[in-house]
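Counting from 1, the numbers follow the sequence of the chain as shown.
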Amino acid sequence: MNTAHAQVTGNVDRVYTDKARYGPGNTVQIKAQLTNHGGTSWSGTAALAISHLETSVYTASQSVTLASGATTTITFSWTAPATDFQGYFVKIDCGAFGTGTTAIDVSSDFAKYPRYGYLSVFPSSETSTQSTAKVDQLAQDYHLNALQYYDWMWRHDTLFKRTGGTVDATWQDLFNRTISWSTIQNQVAATHNQNMAAMAYAMVYAAREGYSTYGISPTWGIYSDTAHASQMNVDFGNGSTYLWMFDPANTSWQTYIQNQYKDAVNTAGFDGIHVDQMGQRNNVYNYGGSSIDLSARFSPFLNAAKTALTSNNASKNKLAFNIVDGSVGGWAANDVSKNANTDFNYSEIWYNSNSYGQLKNYIDSLRANSGGKAVVLAGYMDYAENIGPRYEAESATKVGVTTNTNHAGYSGTGFVDQFDAVGDSVTFSVSAPEQGHYSLVFAYGNNIGSMATRNIYVDGTLVQSIGFYNQPNWNAWASDAWLQVDLTAGTHTVKVAYDAANAGAINLDSLTLGTFDDASVRLADAMMAASGATHIELGDDNQMLPHEYYPNRSKSMRSLLVNAMKDHYSFITAYENLLFDSDVINNDSGNQFVSIAGQTLSGDGTGNTIWTINKRTPDYDIVHLLNLKGNDNQWRNSATAPTTLSSLATKVYVGPNESVSHVYVASPDIGGGLTSELSFTTGSDASGNYISFTVPSLQYWDMIYVKRTFTVPSGNQYEAESAIKTGVSTNTNHSGYTGSGFVDGFSGGSGKGVSFLVKAVTDDDYSLRFRYANGGSAAARDVYVDGAYAGTVQFPATANWDTWADGELTAHLKPGIHSIVIWESATSPGAINLDRLNVDKTYIWQFDRQITTVPAGYRITVRNGEFGWLHWGVNGWTGVTDTPMWSNGSTDASHSFENSIGPFTSGTTVNFTYLWDDNGNGIMETGTDRWEGTNFSITVS
């Protein structure tokens, strides 16, 4: 096991806390292990400093005397503040003797900031002490606060194996692994001792072969035909092991499997259920032959399960569900993230979100759909890549075999052939750079029609037999034959032997010490955290997930990556409030807010750029810098370690209503994540107002957070000439504008826009009214709110360029600072001058949501599905006005036209109806166009 520790220097071996998570007011113990590596005794002071973001919250110190060669552990106690859901950075400073850092999470519920790991092996040989050490390492080194117990059960439909009502001491799982009941109990106890949650893995709809023996009816199943002849299943290829699938909406199945979930909680003490599925299934039928939409049946199942778990034990009712192969609008993603009563969003990512930008957009969609609920992603790094130090079989020591080149696709200069008889062997000499876990991965060919086996010896000792699976042909090379061993630093022999108990012929190409690629993992983890998600990747015995089958250990971490992960997890714990809080709001995904001298930036994770991810909270502007220089835009695959960049002259553009007081930078790559303050200046240029500062260095990920206040302008009116401008200019050559001018040159091609930063005080719908002039043909521009497309605003021609009108769109804003970007795309027609943006509270009237009252001071937005005019007046149809309803760019055909009127004073009655332009000529013709036929009214209170 790798034992190196990050976040430490000198004689400080490690700094850690006694729990993974604390409730408000709990006692926190911070421990530092010190070893005097010097030749003389040392006496000095260990100083503790705890901070929340940039603010110091606690300091203490201890005097320490340590003889040469001696080791001691010192302990500080701190009472966590009463404020819930806060992260804290911890540093212990012993001066020249050494320093160390860690983090503290004060949260009453792990699901607010789930740092999810896993346990996947439950052997009888594991002692209680070993279980405790395994779990403690995950808590102390990585701050994991919840563990998924993967494949712990006996059967997917009957979780515990019992004899005479008593849980058996052991059972065999789906893949014939021995599972120890006492080990599960020990691991759950250790998990709870660290104030971590234990989540029991289970399936939403799966039962093993022979399920009818356990009281399960095939009438509950789902089928691929209308005659229920072919029940859907997962075939594990051995002719005997299957997972048969059942209808999540079938109430009998729900009752059955919910009882299994409750059994897991009541018997083993699990804190909730992690519900899995097998991904998209189309053309699905129930037993009665009715076609069903499987994707829409998970949320009702989960809501029923949540109710059942809560009724059973409200303190152990946590629920998560795997949205498989998630992407924006992907299969089941919207329904589950919007409607399922899960405690956090969980999604396994395959190949629908391959790029950094796609994955960030998916994270954004999950958080938006669920009202800011936390996101955990299962993404298997360097998946199916055979990477690490490689040793060619043709260059190894060979007995009874030959070499050949007659099958394409091998590595090196050839491969070992005729490896087909007892006594044949290939022995590799490998070099282990450090003590630790090593994954021995063999690349091979096999087309004998069945699995071949070989015994593996390390340094002359038999370790185990492994299988080499049959492939389509001899040109198909596989690298899925592996085992993991512990090696000391130095040279070792690995022998692949055909012994008497083995069978089958193989071609052997190479041995790889399967290793995770540091750069890809660190970049992917950085982008997930900066985007507001965490990554399930770390588990028992200091393992990282290379594969969807969690016990797979075909890749191992080296100490540099282990240490980087410790830094990363301390960082995301300490700064959880700037990363994951629900009031952390996306800025626009363009690159108009940041510039760095001499560097190419992107707002979408384009390869070979510095990717800027911009966020905002009520108190901070946040700019994440991710160094993709020298890499492509694919997050999963192996990467190149980016060159560290230094002294980056940076401008961050701010709105005219922002007042900046401090600029800070923190990075998991520097000083264990300690915040540093940066000096800054202010200025303005053609793009707008900015702050300017120098970022000392960027290796993988820097987080800049800017302390500021925001002053809402009079009347919620934001002048375009003072906003952040991209590709446009300002002018004063047409009368009637407000402020000091207007935006000009807003035409002629894509990539032009105006970015407003606005503040919403209340959680409301808002009418975004853009005052414009258009002396030419009709124009349109796209609008993005917090980086998400909100709609398209129409700008009909005005009488001339000195005549101003309003084009508008309605959007929902939560309290806080938001970016409103009006943008010219490649298909945006026409030209406009833009004067200002008014942001006004509004109520929305739709035919499917007919409101009858609004508060005084609010506007009224009307939405419908076709073009026409809102024919309206007040207090008995006085002051009748006809207001056109313009296309808003919505894909919802029932709500694709809108406009607003108002605001109105208390006591007003607004009367209205509609005149529909059925002939589509855009002209009001009261004798020809169709009246709605119903008069509506809204009372202003």
Side-chain angles (χ1 to χ4, degrees), residues 1-3 117-139 141-142 144 146-156 158-163 166-194 196 198-202 208 236 238 241 264 267-270 274 276 435-440 453 455-458 461-467 481-487 514 536-557:
M1 181 179 296
N2 297 308
T3 57
Y118 69 93
L119 297 173
S120 64
V121 291
F122 313 98
S124 301
S125 59
E126 183 174 297
T127 65
S128 174
T129 299
Q130 290 170 329
S131 293
T132 297
K134 173 189 292 189
V135 171
D136 285 356
Q137 181 186 43
L138 296 174
D141 286 355
Y142 306 113
L144 301 185
L147 297 176
Q148 178 191 144
Y149 281 62
Y150 179 90
D151 272 11
W152 64 278
M153 75 289 286
W154 176 41
R155 293 171 56 95
H156 286 67
T158 309
L159 302 182
F160 293 95
K161 189 173 187 294
R162 288 180 167 94
T163 301
T166 301
V167 178
D168 286 9
T170 62
W171 54 80
Q172 304 302 116
D173 78 350
L174 183 73
F175 298 110
N176 292 316
R177 298 185 310 153
T178 298
I179 306 296
S180 166
W181 170 223
S182 63
T183 298
I184 292 172
Q185 292 174 290
N186 290 338
Q187 291 184 4
V188 170
T191 300
H192 289 158
N193 187 59
Q194 279 288 346
M196 303 161 82
M199 297 288 285
Y201 177 94
R208 288 278 301 274
F236 288 90
N238 59 8
T241 307
T267 302
F270 287 116
H274 179 101
D276 199 8
Q435 181 175 341
H437 302 311
Y438 286 85
S439 300
L440 309 179
T453 60
N455 283 347
I456 308 298
Y457 296 78
V458 175
T461 300
L462 175 64
V463 179
Q464 70 179 67
S465 175
I466 65 172
W482 61 271
L483 77 160
Q484 190 182 66
V485 297
D486 288 340
L487 299 177
I536 183 170
E537 58 186 335
L538 298 170
D540 30 23
D541 304 319
N542 220 27
Q543 299 299 313
M544 178 172 278
L545 282 176
H547 194 271
E548 67 273 21
Y549 180 59
Y550 285 15
N552 183 299
R553 297 185 177 186
S554 56
K555 291 184 178 68
S556 301
M557 291 191 289

Return the CD to CH2 distance between Q172 and W154, rounded to the nearest 0.5 Å. 11.0 Å
I would like to know whether Y550 and L545 meet side-chain contact (heavy atoms from CB on, under 4.5 Å); could you show each step before the answer? CA-CA 6 Å; Y550 285 15; L545 282 176; 3.5 Å; yes
Heavy-atom pair of closest approach, residues L138 and G539: CD2-O, 3.4 Å
When rounded to the nearest 0.5 angstrom, what is the spacing between OG1 in T191 and CE in M199? 12.0 Å
Could you tell me if Y201 and D276 have a donor-acceptor pair between their side chains, going purely by distance under 3.5 Å? yes
Between atom CD of Q187 and atom OG of S180, what is the distance when rounded to the nearest 0.5 Å? 9.0 Å
Test item: Q194 and L144 side chains (from C-beta on) under 4.5 Å apart, heavy atoms: no
First locate atom CG of D541, then atom CD of Q484, and finally report the distance between them rounded to the nearest 0.5 Å. 8.0 Å
Are T267 and L159 packed together at the side-chain level, in the sense that at least one heavy-atom pair is separated by less than 4.5 angstrom? no
Indicate whether any N or O donor in one side chain lies under 3.5 Å from an N or O acceptor in the other, for S556 and S439. yes
For D168, is there any backbone N or O sitting under 3.5 Å from a side-chain donor or acceptor partner on T163? no
Within the structure provided, determine whether D141 and L538 are in side-chain contact (heavy-atom separation under 4.5 Å). no
Between W152 and the options F122, F160, W181, the ring pair (Phe, Tyr, Trp, His ring centres under 6.0 Å) test singles out F160
Salt bridge (charged side-chain N to carboxylate O under 4.0 Å, His left out) contacts touching residues 119-132 (sequence neighbours left out): E126-K134
If you define the side chain from C-beta out and look only at heavy atoms, does anything of T241 sit under 4.5 Å from R208? yes
Backbone N/O of T127 and side chain of S131: donor-acceptor pair under 3.5 Å: yes
For a 4.5 angstrom cut-off between non-hydrogen side-chain atoms, does D540 reach L147? no
Distance (rounded to the nearest 0.5 Å) between T158 OG1 and W171 CH2: 12.0 Å
Distance in Å, T178 OG1 paired with D173 CG, rounded so as to fall on 0.5 Å steps: 8.5 Å
If you look at every heavy atom in T453 and S465, which pair is closest and at what distance? CB-OG, 3.8 Å
Side chains of Y142 and N542, donor plus acceptor under 3.5 Å: yes
Suppose we call two aromatic rings close when their centres sit under 6.0 Å apart. Are Y150 and Y118 close by that rule? no
So F175 and F236, would you call those rings parallel, tilted or perpendicular, with 30° and 60° as cut-offs? perpendicular
Step by step, would you call N193 with V135 a side-chain contact (heavy atoms from CB on, under 4.5 Å)? CA-CA 9 Å; N193 187 59; V135 171; over 6 Å; no
Apply side-chain contact (heavy atoms from CB on, under 4.5 Å) to N186 and Q130, showing your working. CA-CA 9 Å; N186 290 338; Q130 290 170 329; over 6 Å; no
side-chain contact (heavy atoms from CB on, under 4.5 Å) between D151 and H156: does it pass, once the steps are laid out? CA-CA 9 Å; D151 272 11; H156 286 67; 4.3 Å; yes
